[in-house]
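Side-chain atoms are counted along with the backbone in the values below, which use heavy atoms only and exclude waters and symmetry mates.
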Amino acid sequence: MTTLLQINASINNGNGQSSQLARQFVAALQKREPEASVVVRDVAAAEPVPHLDAARFGAFITPAEQRDAAQHSVVAYSDTLIDELKCADVIVLGLPMYNFGVPSQLKAYFDHIARAGVTFKYTEHGPVGLLTGKKAYVFAARGGLYAGTPLDTQTHYVRDFLRFVGITEVEFIYAEGLALGPQSKETNLARAAAEIARLAA
Ligand SMILES: Cc1cc2nc3c(=O)[nH]c(=O)nc-3n(C[C@H](O)[C@H](O)[C@H](O)COP(=O)(O)O)c2cc1C
(Lines give C-alpha, C1' and ligand atoms only; values in the text may rest on other atoms or scores of the structure.)
Protein backbone atom coordinates (compact mmCIF):
# COMPACT_ATOMS: atom_id res chain seq x y z
CA MET A 1 0.00 0.00 0.00
CA THR A 2 1.28 3.42 -0.94
CA THR A 3 1.85 6.02 1.74
CA LEU A 4 1.58 9.66 0.73
CA LEU A 5 3.12 12.38 2.86
CA GLN A 6 1.74 15.86 2.19
CA ILE A 7 3.92 18.61 3.61
CA ASN A 8 2.32 22.05 3.82
CA ALA A 9 4.68 24.98 4.27
CA SER A 10 2.24 27.87 3.86
CA ILE A 11 1.64 30.33 6.68
CA ASN A 12 -1.98 30.30 5.46
CA ASN A 13 -2.60 26.88 6.88
CA GLY A 14 -4.30 24.48 4.49
CA ASN A 15 -5.74 27.47 2.62
CA GLY A 16 -2.49 28.54 0.97
CA GLN A 17 -2.40 28.08 -2.79
CA SER A 18 0.55 25.71 -2.46
CA SER A 19 -1.27 23.63 0.16
CA GLN A 20 -4.42 23.55 -1.96
CA LEU A 21 -2.49 22.33 -5.00
CA ALA A 22 -0.71 19.72 -2.90
CA ARG A 23 -4.07 18.60 -1.51
CA GLN A 24 -5.61 18.43 -5.01
CA PHE A 25 -2.75 16.25 -6.17
CA VAL A 26 -2.99 13.95 -3.14
CA ALA A 27 -6.74 13.65 -3.74
CA ALA A 28 -6.11 12.76 -7.39
CA LEU A 29 -3.58 10.10 -6.36
CA GLN A 30 -6.04 8.73 -3.83
CA LYS A 31 -8.70 8.52 -6.49
CA ARG A 32 -6.31 6.39 -8.52
CA GLU A 33 -5.36 4.32 -5.49
CA PRO A 34 -8.12 4.48 -2.84
CA GLU A 35 -6.19 2.30 -0.36
CA ALA A 36 -3.29 4.75 -0.24
CA SER A 37 -2.78 6.22 3.19
CA VAL A 38 -2.18 9.93 3.65
CA VAL A 39 -0.22 11.74 6.34
CA VAL A 40 -0.32 15.53 6.45
CA ARG A 41 2.48 17.48 8.10
CA ASP A 42 2.00 21.24 8.37
CA VAL A 43 5.39 22.72 9.14
CA ALA A 44 4.46 26.41 9.13
CA ALA A 45 0.96 27.01 10.46
CA ALA A 46 -0.65 24.19 12.42
CA GLU A 47 2.54 22.89 14.03
CA PRO A 48 5.38 25.27 13.16
CA VAL A 49 8.79 23.66 13.31
CA PRO A 50 11.06 25.57 15.70
CA HIS A 51 14.22 27.07 14.31
CA LEU A 52 17.41 25.19 14.84
CA ASP A 53 19.63 26.56 17.58
CA ALA A 54 22.74 25.38 19.38
CA ALA A 55 20.75 23.48 22.01
CA ARG A 56 18.70 21.59 19.42
CA PHE A 57 21.69 20.80 17.22
CA GLY A 58 23.62 19.85 20.37
CA ALA A 59 20.92 17.28 21.14
CA PHE A 60 21.33 15.72 17.69
CA ILE A 61 25.06 15.23 18.08
CA THR A 62 25.05 14.06 21.70
CA PRO A 63 25.30 10.26 21.93
CA ALA A 64 21.89 8.78 22.87
CA GLU A 65 23.06 7.44 26.22
CA GLN A 66 24.36 10.87 27.26
CA ARG A 67 21.29 12.93 26.33
CA ASP A 68 19.33 14.60 29.11
CA ALA A 69 15.52 14.69 29.13
CA ALA A 70 15.29 17.91 27.11
CA GLN A 71 17.67 16.54 24.50
CA HIS A 72 15.73 13.28 24.27
CA SER A 73 12.59 15.24 23.56
CA VAL A 74 14.29 17.30 20.82
CA VAL A 75 15.58 14.13 19.16
CA ALA A 76 12.22 12.37 19.53
CA TYR A 77 10.56 15.26 17.69
CA SER A 78 13.14 15.10 14.90
CA ASP A 79 12.74 11.30 14.77
CA THR A 80 8.98 11.71 14.33
CA LEU A 81 9.50 13.99 11.33
CA ILE A 82 12.06 11.59 9.87
CA ASP A 83 9.88 8.51 10.46
CA GLU A 84 7.10 10.15 8.45
CA LEU A 85 9.52 10.55 5.57
CA LYS A 86 10.88 7.02 5.91
CA CYS A 87 7.35 5.59 5.75
CA ALA A 88 6.36 7.69 2.74
CA ASP A 89 6.54 6.37 -0.81
CA VAL A 90 5.44 9.67 -2.28
CA ILE A 91 6.12 13.10 -0.83
CA VAL A 92 3.97 16.04 -1.92
CA LEU A 93 5.35 19.39 -0.84
CA GLY A 94 3.43 22.65 -1.01
CA LEU A 95 6.08 25.32 -1.46
CA PRO A 96 5.17 29.01 -1.18
CA MET A 97 7.66 31.72 -2.08
CA TYR A 98 8.03 34.30 0.66
CA ASN A 99 10.43 37.20 0.22
CA PHE A 100 12.44 35.50 -2.52
CA GLY A 101 12.95 32.27 -0.66
CA VAL A 102 11.43 29.23 0.98
CA PRO A 103 9.35 29.74 4.15
CA SER A 104 11.69 29.90 7.12
CA GLN A 105 9.70 27.12 8.77
CA LEU A 106 10.45 24.84 5.83
CA LYS A 107 14.13 25.59 6.32
CA ALA A 108 13.66 24.75 10.00
CA TYR A 109 11.98 21.48 8.96
CA PHE A 110 14.92 20.67 6.69
CA ASP A 111 17.25 21.47 9.61
CA HIS A 112 15.39 18.89 11.71
CA ILE A 113 15.49 16.11 9.14
CA ALA A 114 19.13 16.47 8.05
CA ARG A 115 20.71 14.13 10.60
CA ALA A 116 24.10 12.51 10.04
CA GLY A 117 23.85 8.75 10.38
CA VAL A 118 20.05 8.89 10.13
CA THR A 119 19.06 10.56 6.85
CA PHE A 120 22.52 10.87 5.32
CA LYS A 121 25.97 9.54 6.02
CA TYR A 122 29.44 10.72 5.19
CA THR A 123 31.58 8.38 3.13
CA GLU A 124 35.00 8.66 1.52
CA HIS A 125 33.16 9.63 -1.68
CA GLY A 126 31.16 12.36 0.03
CA PRO A 127 27.72 12.43 1.65
CA VAL A 128 25.19 9.74 0.76
CA GLY A 129 21.45 10.19 1.30
CA LEU A 130 19.60 7.44 3.12
CA LEU A 131 15.95 8.26 2.31
CA THR A 132 16.00 6.37 -0.96
CA GLY A 133 13.26 4.88 -3.15
CA LYS A 134 10.87 7.83 -2.89
CA LYS A 135 9.34 10.21 -5.35
CA ALA A 136 8.64 13.85 -4.52
CA TYR A 137 6.33 16.37 -6.15
CA VAL A 138 6.77 20.03 -5.30
CA PHE A 139 3.94 22.51 -5.86
CA ALA A 140 5.55 25.94 -6.00
CA ALA A 141 3.16 28.90 -5.60
CA ARG A 142 4.45 32.38 -6.35
CA GLY A 143 3.08 35.86 -6.78
CA GLY A 144 5.54 36.67 -9.56
CA LEU A 145 7.33 34.83 -12.34
CA TYR A 146 10.67 33.20 -11.57
CA ALA A 147 10.82 29.65 -12.97
CA GLY A 148 13.87 29.20 -15.17
CA THR A 149 15.44 32.52 -14.12
CA PRO A 150 18.28 33.24 -11.66
CA LEU A 151 15.69 34.74 -9.29
CA ASP A 152 14.26 31.27 -8.67
CA THR A 153 16.13 30.58 -5.44
CA GLN A 154 13.84 27.72 -4.52
CA THR A 155 14.09 25.04 -7.19
CA HIS A 156 17.82 24.35 -6.93
CA TYR A 157 17.83 24.63 -3.18
CA VAL A 158 14.91 22.26 -2.58
CA ARG A 159 16.12 19.80 -5.23
CA ASP A 160 19.66 19.84 -3.77
CA PHE A 161 18.44 19.38 -0.23
CA LEU A 162 16.16 16.48 -1.14
CA ARG A 163 18.96 14.87 -3.13
CA PHE A 164 21.28 15.24 -0.12
CA VAL A 165 18.95 13.08 1.99
CA GLY A 166 18.48 10.57 -0.84
CA ILE A 167 15.29 11.80 -2.53
CA THR A 168 16.47 12.09 -6.11
CA GLU A 169 13.26 11.77 -8.09
CA VAL A 170 11.73 15.23 -7.75
CA GLU A 171 9.20 16.93 -9.99
CA PHE A 172 8.31 20.63 -9.74
CA ILE A 173 4.92 21.99 -10.69
CA TYR A 174 4.69 25.79 -10.74
CA ALA A 175 1.74 28.04 -10.09
CA GLU A 176 3.26 31.44 -10.76
CA GLY A 177 1.95 34.91 -11.44
CA LEU A 178 -0.66 34.58 -8.70
CA ALA A 179 -0.32 38.26 -7.76
CA LEU A 180 -0.33 39.56 -11.34
CA GLY A 181 -4.07 40.05 -11.59
CA PRO A 182 -7.10 37.76 -11.65
CA GLN A 183 -6.54 36.63 -15.23
CA SER A 184 -2.96 35.57 -14.57
CA LYS A 185 -3.98 33.80 -11.37
CA GLU A 186 -6.80 31.95 -13.06
CA THR A 187 -4.70 30.91 -16.06
CA ASN A 188 -1.79 29.71 -13.96
CA LEU A 189 -3.92 27.81 -11.46
CA ALA A 190 -5.71 26.14 -14.37
CA ARG A 191 -2.33 25.20 -15.84
CA ALA A 192 -1.28 23.68 -12.52
CA ALA A 193 -4.58 21.79 -12.29
CA ALA A 194 -3.98 20.37 -15.77
CA GLU A 195 -0.51 19.25 -14.66
CA ILE A 196 -2.06 17.56 -11.64
CA ALA A 197 -4.51 15.70 -13.84
CA ARG A 198 -1.71 14.64 -16.19
CA LEU A 199 0.61 13.47 -13.38
CA ALA A 200 -2.11 11.56 -11.56
CA ALA A 201 -3.54 9.92 -14.68
C1 LIG B 1 5.08 37.47 3.27
C2 LIG B 1 4.95 37.19 1.80
C3 LIG B 1 6.05 37.35 0.99
C4 LIG B 1 5.93 37.07 -0.38
N5 LIG B 1 7.04 37.19 -1.15
C6 LIG B 1 6.96 36.87 -2.47
C7 LIG B 1 8.11 36.92 -3.30
O8 LIG B 1 9.22 37.22 -2.87
N9 LIG B 1 7.97 36.60 -4.60
C10 LIG B 1 6.75 36.21 -5.12
O11 LIG B 1 6.68 35.90 -6.30
N12 LIG B 1 5.66 36.14 -4.34
C13 LIG B 1 5.73 36.46 -3.04
N14 LIG B 1 4.61 36.37 -2.25
C15 LIG B 1 3.36 35.85 -2.85
C16 LIG B 1 3.26 34.37 -2.57
O17 LIG B 1 4.30 33.65 -3.18
C18 LIG B 1 1.92 33.83 -3.04
O19 LIG B 1 0.90 34.50 -2.32
C20 LIG B 1 1.77 32.34 -2.85
O21 LIG B 1 0.44 31.98 -3.16
C22 LIG B 1 2.11 31.95 -1.43
O23 LIG B 1 1.84 30.58 -1.22
P24 LIG B 1 0.64 30.16 -0.25
O25 LIG B 1 -0.61 30.75 -0.85
O26 LIG B 1 0.66 28.67 -0.32
O27 LIG B 1 0.92 30.68 1.12
C28 LIG B 1 4.70 36.65 -0.90
C29 LIG B 1 3.59 36.50 -0.06
C30 LIG B 1 3.72 36.76 1.28
C31 LIG B 1 2.52 36.58 2.17
Side-chain angles (χ1 to χ4, degrees), residues 2-46 48 84-85 88-107 109-110 131 133-201:
T2 305
T3 299
L4 310 171
L5 173 61
Q6 180 186 334
I7 303 170
N8 294 340
S10 171
I11 55 173
N12 299 307
N13 230 318
N15 300 321
Q17 294 292 350
S18 58
S19 314
Q20 290 187 50
L21 290 168
R23 189 164 60 241
Q24 279 171 34
F25 183 58
V26 166
L29 292 180
Q30 268 186 305
K31 208 166 168 193
R32 192 176 73 184
E33 193 186 333
E35 320 79 56
S37 68
V38 179
V39 175
V40 179
R41 168 63 58 178
D42 186 325
V43 302
E84 286 174 354
L85 283 164
D89 304 293
V90 178
I91 295 149
V92 181
L93 169 63
L95 176 67
M97 178 178 280
Y98 297 140
N99 298 316
F100 295 93
V102 303
S104 59
Q105 297 90 341
L106 182 67
K107 173 65 166 67
Y109 173 77
F110 285 170
L131 298 175
K134 303 174 191 309
K135 168 119 203 194
Y137 297 87
V138 181
F139 287 87
R142 297 150 175 197
L145 303 170
Y146 302 91
T149 79
L151 287 178
D152 181 357
T153 60
Q154 298 184 303
T155 304
H156 280 295
Y157 167 65
V158 170
R159 199 184 282 287
D160 286 346
F161 179 82
L162 294 177
R163 188 192 303 120
F164 180 70
V165 293
I167 303 167
T168 52
E169 250 193 281
V170 183
E171 185 138 2
F172 279 77
I173 301 92
Y174 299 94
E176 294 200 300
L178 301 183
L180 302 179
Q183 185 63 56
S184 170
K185 183 174 179 178
E186 195 182 313
T187 305
N188 285 296
L189 286 177
R191 202 172 285 155
E195 273 288 279
I196 287 173
R198 184 186 67 78
L199 290 167

Using only heavy-atom distances, determine whether the side chains of [X] and [Y] contain a donor-acceptor pair under 3.5 Å.
X	Y	result
Tyr174	Thr155	yes
Arg142	Gln154	yes
Ser184	Asn188	yes

Do the side chains of [Y] and [X] get nearer than 4.5 Å, heavy atoms only?
X	Y	result
Phe139	Ile196	yes
Leu145	Leu180	yes
Val170	Val138	yes
Val26	Val90	no
Phe110	Tyr157	yes

Give, for atom [atom1] of [X] and atom [atom2] of [Y], the distance between the pair rounded to the nearest 0.5 Å.
X	Y	atom1	atom2	answer
Tyr109	Phe161	OH	CZ	8.5 Å
Leu21	Tyr137	CG	OH	15.0 Å
Arg163	His156	CZ	NE2	9.5 Å
Ile91	Leu4	CD1	CG	10.5 Å
Leu178	Thr187	CG	OG1	10.5 Å
Ser19	Ile11	OG	CD1	10.5 Å

Taking all non-hydrogen atoms of both residues, which atom of [X] and which atom of [Y] are closest, and how far apart?
X	Y	answer
Leu131	Ile167	O-CG1, 3.5 Å
Gln30	Ala36	NE2-O, 4.0 Å
Gly14	Arg23	O-NH1, 3.0 Å
Arg32	Leu199	NH1-O, 3.7 Å
Asp42	Ser10	OD1-O, 4.4 Å

Answer yes or no: is there a donor N or O on one side and an acceptor on the other, between the side chain of [X] and the main chain of [Y], under 3.5 Å?
X	Y	value
Glu176	Tyr146	yes
Thr153	Phe100	yes
Arg191	Ala175	no
Asn8	Gly94	no
Gln105	Ala45	no
Gln6	Val92	no

Taking only Lys NZ, Arg NE, NH1 and NH2, and the carboxylate oxygens of Asp or Glu, determine whether Lys134 and Glu84 approach each other closer than 4.0 Å.
->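 Salt bridge flag = no for Glu84 with Lys134.
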